[in-house]
Amino acid sequence: MRIKRTFTCGELRSKDVGKKVSLSGWVHSKRLHGGLIFVDLRDRYGITQLVFKPEVGEEVFERAKRFHHEDVISVSGTVRLRPKGYKNPKLATGDVEVHISDLEVLNESVPLPFMIEEETTAFEDLRLKYRYLDLRRPPLQRAIILMHHIRQAVRSYLSSNGFLEIETPALMKSTPEGARDFLVPSRKHKGKFYALPQSPQTYKQVLMIAGFDRYFQIAHCFRDEDLRADRQPEFSQIDIEASFVDEEDIYSLIEGMFEYVFKETLGVELKRPFPRMAYKDALSRFGTDKPDTRFGMEIVDITAVVRNSGFGVFRGAVESGGVVRGINLPGCGSFSRRQTDNLIDEARSLGAKGLVLLRSASGGFSSSVAKFLTEEEIRGIRDTLSSSDGDLVAIVADKEDVACRVLGELRLRMAKRLGLVPQNSFNFLWIVDCPMFEYSEEEGKIVASHHPFTSPKPEHMEFLESDPLHVLSRSYDLVLNGAELGSGSIRIHRPEVQRRVFRVLGLSDEEMDEKFGFLLRAFQFGAPPHGGIALGLERIAAIMAGRSSIRDVIAFPKTTSAYALMEDAPSTVNDEQLNELGIRLVEEEE
RNA sequence: GGGACCGUAGUUCAGUUUUGGUUAGAACGCCGGCCUGUCAAGCCGGAGGUCGCGAGUUCGAGCCUCGUCGGUCCCGCCA
């Protein structure tokens, strides 16, 4: 490289006029006017306009004529003020241009599979195959840079609060509980396997026992489960644990961290304290354990209003122990028959038996169902739901969990369609008072709602064995704009309590010793009370960047089938590698 | 494991229903020419297609049927 850059492509301003400068970057675009060539030179800092004139010499001028998109070049030249009327206000460097005197072509580009533009229309599989090109686009550059700033801010905040960053193993013991493990075969111990961490949960608890009373790590985690827009097989957790703390300590620590991170990276001031909501209230008011509180349209109970209704659908649901709940869809009273039919179909596909729609009009309801309702019921429903003329009331009469889930999902979809979801709004919410256990239909047994190291609420401890499903835990979830950022808890730190919880989960003494013996043993040697949280870094970043998928904040994400399109992973390995590990492949059966 | 949508020049799409029918179009990109103030440069010309793949129906399939592969969203799953 003969010409070394003295400035970046986002740097030059009118104060630099007259300077002799060198720039390096990618040929973003070229505008050839015969005897005059403009080139937009781009790097991650911005774009600067280069001007090639014939005076530069035939060799350089002719070479510049042949530039392709995305050639990499270095140039030297003089910064000049652009003539009056030819400044470009869209560019930070738009007041100036560099008149080129020397050129070095560092790499030529073949024709591109898609253009490097602010927004691309290219399909995601193509973008993933040529990820290095997609990553040149400004939105992804901004997202990757934002990730860096978030990581830096998290480290800076936690470090200045006395937290130590400590790494834990990537090769660990497999535990069948929770998500499916990624397994790593052992060469030294043929037939045995490590697992990649789903989270460093037990290690961080052991670190507490070791006396590192404030720990954090931006931990890479792996879960072999199916993917979603917000779920990748590998992701990062901001993993935090502290000793001698209670829930309030964690809340204020984490709120402080987000306050700092948002201020540092986005310049956004967050409102504190974050609101808190009981788990059961979240379910009944929003139909989900991760409510999006950026808009209203809350689920309202009208069971009492229609308990003795002449309308069979309502009365029947109540008589069979169900509920009648509704949401008010503002301005949807003008929906066509087709639109209302679609809504009803949607409700059915979500699991409801049906959906009752009532148009609010002239102080009452304009609906075929209205004739089954008394004046009092109509007024009651309108008042309870705060429904005004022109609105549409959607009601589900069903078992409580079905009614809430269906209405919660309709609420989200309709808010999106009606454009009622405010952008650039960050609504944090703590979900508290979560149940300790839940019954898994599939496994036919009680499982931990959070994880088995979570402490039950002390006042519920006595019902642990007799009524486990009503025991609340000392866990908490953090929700942002309807997305679960993460969860944590105050942990169990006494071996006998941990054994009781394991026993409720159906583990025998032998099983708990085999799987978690190291933790139970550690608890016997002076374990401090402790608790913490783990937060999904990519989900945080995606919301901050305004992206709908965490793939956009990960440099090299996998597809929905967990495949890496750029380098083709996973791939087969040769027999030698398998032999060394003592592994033989089984033929795929039809 | 299940549901929905998508797959046609390098890219994004139209063409698929009503009607299966000669030579599959457009824009951007690419290549060539003209052009000294553009910044979505402009003008003229050109090249570029196993219609994802495989069967089937048919005289004839981009279009109909079945299967399959890939991508995206969702349910299940994610202590």
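This is a predicted model, so every value here is computed, not measured. Residue numbers begin at 1 in each chain, while the letters A, B, ... track the order of the sequences.
- rG32(B) sits 14 Å from rG48(B) when the C1' atoms are compared, rounded to a whole Å.
- Residues S449(A) and T454(A) form no side-chain contact, since every pair of their non-hydrogen atoms from C-beta on lies 4.5 Å or further apart.
- Under the 30°/60° scheme for interplanar angles, the aromatic rings of H530(A) and F523(A) are found to be tilted.
- Residues D71(A) and S109(A) have side chains that never bring a donor and an acceptor to within less than 3.5 angstrom of each other.
- With sequence neighbours left out, R417(A) forms a salt bridge (charged side-chain N to carboxylate O under 4.0 Å, His left out) with E346(A).
- When Watson-Crick and G-U wobble pairs are counted only if both distances are under 3.5 Å, rU19(B) pairs with no nucleotide at all.
- At a threshold of 4.0 angstrom between heavy atoms, the contacts of P113(A) are confined to the sugar-phosphate backbone, with no base atom among them.
- Between the C1' atom of rU72(B) and the NZ atom of K129(A) lies a distance of 18 Å, rounded to the nearest Å.
- The separation of rA14(B) from rC78(B), taken at their P atoms, amounts to 39 Å, rounded to a whole angstrom.
- Nearer the 5' end of RNA chain B, as judged by each residue's closest nucleotide, is the contact made by L565(A), out of E443(A) and L565(A).
- Judged by Watson-Crick or G-U wobble contacts below 3.5 Å, the nucleotide rG49(B) has no partner.
- D433(A) and Y476(A) form no side-chain donor-acceptor contact under 3.5 Å, judged by distance and modelled atom types alone.
- Residue pairs meeting the salt bridge (charged side-chain N to carboxylate O under 4.0 Å, His left out) criterion with at least one member in residues 107-118 of chain A, sequence neighbours excluded, are R63(A)-E108(A), E118(A)-R142(A).
- Using atom P as the reference point in both rC44(B) and rG60(B), the two lie 44 Å apart (nearest Å).
- Under the 4.5 Å side-chain criterion, counting only non-hydrogen atoms from C-beta, C434(A) is in contact with I431(A).
- The interatomic distance linking E117(A) (CD) with rG10(B) (P) rounds to 18 Å, in whole Å.
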Given S489(A) and R491(A), is the side-chain hydrogen bond (donor to acceptor under 3.5 Å, both in side chains) satisfied, shown in steps?
CA-CA 6 Å; S489(A) 61; R491(A) 327 294 183 186; 2.8 Å; yes
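- Between the side chain of R223(A) and the base of rC78(B), no donor-acceptor pair under 3.5 Å is found.
- Going from the C1' atom of rC63(B) to that of rU19(B) covers 10 Å, rounded to whole Å.
- Across all strands shown, Q201(A) has heavy atoms under 4.0 Å from base atoms, whether or not it also approaches the sugar-phosphate.
- On the P atoms, rU22(B) is 32 Å away from rU68(B), given to the nearest whole Å.
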Chi angles and distances behind the side-chain hydrogen bond (donor to acceptor under 3.5 Å, both in side chains) call for S29(A), R31(A)
CA-CA 7 Å; S29(A) 70; R31(A) 292 173 294 278; 3.2 Å; yes
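- Between H451(A) and F453(A), the ring planes lie tilted relative to each other; the angle falls in the 30° to 60° range.
- Atom C1' of nucleotide rG10(B) and atom CG of D125(A) are separated by 14 Å, given to the nearest angstrom.
- Taking the C1' atoms as reference points, rG49(B) lies 27 Å from rA40(B), given to the whole Å.
- If you check rU72(B) for Watson-Crick or wobble pairing at under 3.5 angstrom, you find it paired to rA4(B).
- Of the side-chain N and O atoms in S561(A), one or more sit less than 4.0 angstrom from OP1 or OP2 of rG71(B).
- Nearest-nucleotide positions on RNA chain B place T121(A) closer to the 5' end than the other of T121(A) and Q198(A).
- Between rA9(B) and rG25(B), the distance separating the two P atoms is 14 Å to the nearest Å.
- For the pair R411(A) (side chain) and D292(A) (backbone), a donor-acceptor distance under 3.5 Å is present.
- Y563(A) places its OH atom 9 Å from the P atom of rG71(B), with the value rounded to the nearest Å.
- Nucleotide rU65(B) has rA55(B) as its partner under the Watson-Crick or G-U criteria, with both atom distances under 3.5 Å.
- Checked by atom type, the side-chain pair Q217(A)/T168(A) shows a donor-acceptor distance below 3.5 Å.
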Distances for protein N or O near nucleotides 29-38 of chain B N or O, under 3.5 Å:
unit_1: rG29(B); atom_1: O3'; unit_2: H69(A); atom_2: ND1; d: 3.4
unit_1: rC30(B); atom_1: OP1; unit_2: H69(A); atom_2: ND1; d: 2.8
unit_1: rC35(B); atom_1: N3; unit_2: L32(A); atom_2: O; d: 3.2
unit_1: rC35(B); atom_1: N3; unit_2: G34(A); atom_2: N; d: 3.3
unit_1: rU36(B); atom_1: OP2; unit_2: H33(A); atom_2: O; d: 3.1
unit_1: rU36(B); atom_1: OP2; unit_2: G35(A); atom_2: N; d: 3.0
unit_1: rG37(B); atom_1: O2'; unit_2: Y86(A); atom_2: OH; d: 2.8
unit_1: rG37(B); atom_1: O6; unit_2: K53(A); atom_2: NZ; d: 3.2
unit_1: rG37(B); atom_1: N1; unit_2: E97(A); atom_2: OE2; d: 2.9
unit_1: rG37(B); atom_1: N2; unit_2: E97(A); atom_2: OE1; d: 2.5
unit_1: rG37(B); atom_1: N2; unit_2: E97(A); atom_2: OE2; d: 3.2
unit_1: rU38(B); atom_1: O4'; unit_2: H33(A); atom_2: NE2; d: 3.2
unit_1: rU38(B); atom_1: O2'; unit_2: R31(A); atom_2: NE; d: 3.2
unit_1: rU38(B); atom_1: O2; unit_2: R31(A); atom_2: NE; d: 2.6
unit_1: rU38(B); atom_1: O2; unit_2: R31(A); atom_2: NH2; d: 3.1
unit_1: rU38(B); atom_1: O2; unit_2: Q49(A); atom_2: OE1; d: 3.3
unit_1: rU38(B); atom_1: N3; unit_2: Q49(A); atom_2: OE1; d: 2.9
unit_1: rU38(B); atom_1: N3; unit_2: Q49(A); atom_2: NE2; d: 3.0
unit_1: rU38(B); atom_1: O4; unit_2: Q49(A); atom_2: NE2; d: 2.9
unit_1: rU38(B); atom_1: O4; unit_2: R82(A); atom_2: NH1; d: 3.3

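- Whole-Å rounding puts the K30(A) NZ to rG42(B) P distance at 14 Å.
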Protein N or O to nucleotides 44-50 of chain B N or O, pairs below 3.5 Å:
none

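- Distance noted for atom P between rG62(B) and rA55(B): 14 Å (whole Å).
- Note: F222(A) and H220(A) have perpendicular aromatic rings, judged against thresholds of 30 and 60 degrees for the angle between ring planes.
- Checked by atom type, the side-chain pair Q49(A)/N88(A) shows no donor-acceptor distance below 3.5 Å.
- A heavy atom lying under 4.0 Å from RNA chain B marks the following residues of residues 549-560 of chain A, by number: R551(A), T559(A), T560(A).
- One interatomic measurement links the two molecules: CG of L126(A) to P of rG52(B), which rounds to 16 Å at whole-angstrom precision.
- Pairing partner, rC78(B): none, since no Watson-Crick or wobble contact has both distances short of 3.5 Å.
- Spacing between atom CD of E119(A) and atom C1' of rU11(B) amounts to 16 Å, rounded to whole angstrom units.
- The environment of F182(A) atom CZ is dense: over 12 non-hydrogen atoms of other residues, nucleotides or ligands sit within 6.0 angstrom.
- The pairing partner recorded for rA24(B) is none, the criterion being a Watson-Crick or G-U wobble arrangement whose two distances lie under 3.5 angstrom.
- For D181(A) and rC77(B), the CG to P distance is 18 Å, given to the nearest whole Å.
- For rG76(B), its base sits under 3.5 Å from the side chain of R228(A) at one donor and acceptor pair at least.
- When only modelled atom types and interatomic distance are considered, R80(A) and T78(A) share no side-chain donor-acceptor pair under 3.5 Å.
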Below 3.5 Å between N/O atoms, which protein atoms pair up with nucleotides 6-9 of chain B? Just atom names and distances, please.
none

